Peer 1: 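Before I ask anything, let me first share the structure, which is written out below as structure tokens.
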Amino acid sequence: MASNVIILDFETTGLSPNMGDRAIEIGAVRLEQGQVVDRFQALMNPGQKISGFIENYTGISNAMLANAAPCAEVMADFCDFIGDYNLVAHNAAFDRKFLDAELARISRGYNGSFGCSLLASRRVFLDAPAYSLATLVEYTGSHSDGQFHRALYDAEMTAKVWLTLLDTLKRQYQLDDISFTTIQKLNKTAKKNVATMMAKLTRGSA
DNA sequence: TGCCAGGCCCTCTTTAGGGCCTT
């Protein structure tokens with residue numbers, strides 16, 4: 001089920017692990033039947049100074065990271081946390097490349113697949129003004145009173161958007177539940193073909 | 001040497017360009 005997933009978010013030193021960027025914070029929530037049943041949050045020391053831009057963007061300072069556990073230690077714990085769950089992130093391609101890069105450094109891996117709340121939102125919330133996480137939180141009427149660009153808060157907000165998205169799909173296509181496979185198909189289907197794809201699923205089994 | 005993300009998605013498209021989204 002797409003409501004039994006781990007929703008995660010990384011804060012990082014920049015945009016690309018291929019350019020030497022590292023993770024500095026991981027936040028995640030585990031959903032069971034659409035309820036948050038567990039959380040994970042940790043700062044991690046990337047072994048390099050972060051830029052003033054990242055300090056301002058995230059509110060995470062070099063002083064905070066100096067006292068944090070190293071990436072290897074945090075990511076090993078996080079790998080245990082995610083287990084075999086499927087994973088969701090907002091713009092999942094970004095978080096997946098950092099997860100893969102950090103786990104590769106400690107010779108760990110995971111079995112779950114990624115779903116993307118950004119791609120799915122573009123196909124479901126057709127009249128949203130934009131698809132950034134903050135915009136979608138407001139668009140879906142989700143309560144928000146924390147700080148965007150911190151990992152756990154963004155993961156919690158992504159979870160709210162994700163659950164609204166699943167509810168919207170269920171209502172729209174009169175389905176009892178949405179499988180993770182359905183979301184993956186949705187993410188790969190061109191926007192203009194989504195209604196046809198979902199209608200086929202509805203006639204068969206979603 | 002000099003450069004430096006990468007993928008989705010739309011459109012004045014497909015022999016391409018540019019905005020969005022993530023930090």
Side-chain angles (χ1 to χ4, degrees), chain A residues 5-29 40-65 68 71 74-75 78 87-105 113-140 142 144 146-162 164-165 183-198:
Chain A
V5 293
I6 284 176
I7 299 191
L8 63 93
D9 183 72
F10 277 104
E11 304 306 316
T12 69
T13 64
L15 291 170
S16 173
N18 290 336
M19 301 292 292
D21 288 316
R22 299 294 305 273
I24 58 173
E25 187 183 38
I26 179 68
V29 298
F40 188 102
Q41 184 276 329
L43 291 170
M44 57 189 118
N45 189 333
Q48 59 183 254
K49 294 287 187 192
I50 61 173
S51 67
F53 172 81
I54 294 297
E55 283 189 312
N56 288 332
Y57 187 77
T58 63
I60 298 168
S61 67
N62 280 297
M64 291 160 71
L65 295 177
C71 292
V74 170
M75 290 307 300
F78 185 62
L87 307 169
V88 170
H90 199 65
N91 198 8
F94 175 87
D95 293 278
R96 182 174 54 204
K97 66 185 179 182
F98 276 96
L99 180 65
D100 291 352
E102 292 295 345
L103 291 185
R105 285 173 173 270
S113 297
F114 263 95
C116 179
S117 57
L118 169 61
L119 294 183
S121 292
R122 282 176 174 159
R123 289 158 171 77
V124 174
F125 301 132
L126 298 181
D127 56 351
Y131 296 92
S132 70
L133 181 58
T135 301
L136 288 171
V137 166
E138 185 176 355
Y139 173 80
T140 57
S142 302
S144 99
Q147 184 189 3
F148 281 107
H149 308 307
R150 285 300 300 266
L152 181 57
Y153 183 75
D154 282 3
E156 303 254 18
M157 292 302 106
T158 301
K160 292 191 174 193
V161 170
W162 183 252
T164 303
L165 189 147
I183 296 293
Q184 290 183 304
K185 283 182 187 170
L186 179 76
N187 280 358
K188 288 178 183 169
T189 301
K191 203 167 165 178
K192 62 185 168 68
N193 297 328
V194 163
T196 304
M197 186 278 284
M198 288 301 298

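In what follows, chains carry the letters A, B, and so on, assigned in the order in which the sequence lines appear, proteins first and then strands, with residues in each chain numbered from 1. On a predicted model such as this, the values are computed, not experimentally measured, just so you know. The figures here come from the full heavy-atom set of this structure, side chains too, leaving out hydrogens, waters and symmetry mates.
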Peer 1: State whether a side-chain donor-acceptor pair under 3.5 Å links A/Ser16 with A/Asp21.
Peer 2: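 No.
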Peer 1: Please give the distance between the C1' atoms of B/dG18 and B/dT14 as a whole number of Å.
Peer 2: 16 Å
Peer 1: Restricting to non-hydrogen atoms, name the atom on A/Tyr131 and the atom on A/His90 that form the minimum distance, rounded to 0.1 Å.
Peer 2: O-NE2, 2.8 Å
Peer 1: Under 4.0 Å between any heavy atoms, over every strand shown, what does A/Asp154 touch: base, sugar-phosphate, or nothing? Just pick one.
Peer 2: sugar-phosphate
Peer 1: Need one value for A/Tyr131: base, sugar-phosphate or nothing, where a base atom within 4.0 Å counts as base even if backbone is also close, heavy atoms only.
Peer 2: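 Touches sugar-phosphate only.
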Peer 1: In chain order, what residues pass the side-chain hydrogen bond (donor to acceptor under 3.5 Å, both in side chains) check against A/Asp127, with sequence neighbours excluded?
Peer 2: A/Tyr139
Peer 1: For the CZ atom of A/Phe98 and the CG atom of A/Leu15, what is their distance to the nearest 0.5 Å?
Peer 2: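 Going from CZ on A/Phe98 over to CG on A/Leu15, the span is 7.0 Å.
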Peer 1: Using a cut-off of 4.0 Å on non-hydrogen atoms, how would the nucleic acid contact of A/Lys191 be classed: base, sugar-phosphate, or nothing?
Peer 2: sugar-phosphate
Peer 1: Looking across every strand, which nucleic acid part, if any, lies under 4.0 Å from A/Arg123 by heavy atom: base, sugar-phosphate, or nothing?
Peer 2: sugar-phosphate
Peer 1: What nucleic acid atoms does A/Ile24 come within less than 4.0 Å of, heavy atoms only: base, sugar-phosphate, or nothing?
Peer 2: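 It contacts nothing in the nucleic acid.
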Peer 1: Taking atom C1' in both B/dC12 and B/dA16, compute the distance separating them and give it to the nearest angstrom.
Peer 2: 11 Å
Peer 1: Taking heavy atoms of chain A and a 4.0 Å limit, find me the 5'-most and 3'-most nucleotide of DNA chain B within that range.
Peer 2: B/dC4 to B/dT23
Peer 1: What is the nucleic acid contact for A/Phe10, judged by heavy atoms within less than 4.0 Å: base, sugar-phosphate only, or nothing?
Peer 2: sugar-phosphate
Peer 1: Mind listing the closest non-hydrogen atom pair of A/Leu43 and A/Arg150 along with its distance?
Peer 2: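 In terms of heavy atoms, the two residues are closest at CD2-NH2, 3.9 Å.
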Peer 1: Please give the distance between the C1' atoms of B/dC3 and B/dC21 as a whole number of Å.
Peer 2: 23 Å
Peer 1: Any base atoms under 4.0 Å from A/Asp9, or only sugar-phosphate, or nothing? Heavy atoms, all strands.
Peer 2: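 It contacts sugar-phosphate atoms only.
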Peer 1: What integer number of Å spans the P atoms of B/dG17 and B/dT23?
Peer 2: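 Those two atoms are separated by 29 Å.
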Peer 1: Return the 5'-most residue of the pair A/His149, A/Leu119 with respect to DNA chain B, ranking by each residue's nearest nucleotide.
Peer 2: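 Looking at the nearest nucleotide for each, A/Leu119 comes out on the 5' side.
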Peer 1: Expressed in whole Å, how much space separates the P atoms belonging to B/dT15 and B/dG2?
Peer 2: 35 Å
Peer 1: Map A/Thr13 and A/Ser16 onto DNA chain B by nearest heavy atom, then report which one ends up closer to the 5' terminus.
Peer 2: A/Ser16
Peer 1: Could you tell me which residues satisfy ring-ring contact (aromatic ring centres under 6.0 Å, His included) with A/Phe10, sequence neighbours excluded, listed by chain and number?
Peer 2: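 Counting only residues at least two positions away or on another chain, A/Phe10 forms no ring-ring contact (aromatic ring centres under 6.0 Å, His included).
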Peer 1: At under 4.0 Å between heavy atoms, what does A/Ala130 touch on the DNA or RNA strands: base, sugar-phosphate, or nothing?
Peer 2: sugar-phosphate
Peer 1: Can you give me the closest heavy-atom contact between A/Ser142 and A/Lys160, atom names plus distance?
Peer 2: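 Scanning both residues completely, I find the closest heavy atoms to be OG-CB, 3.6 Å.
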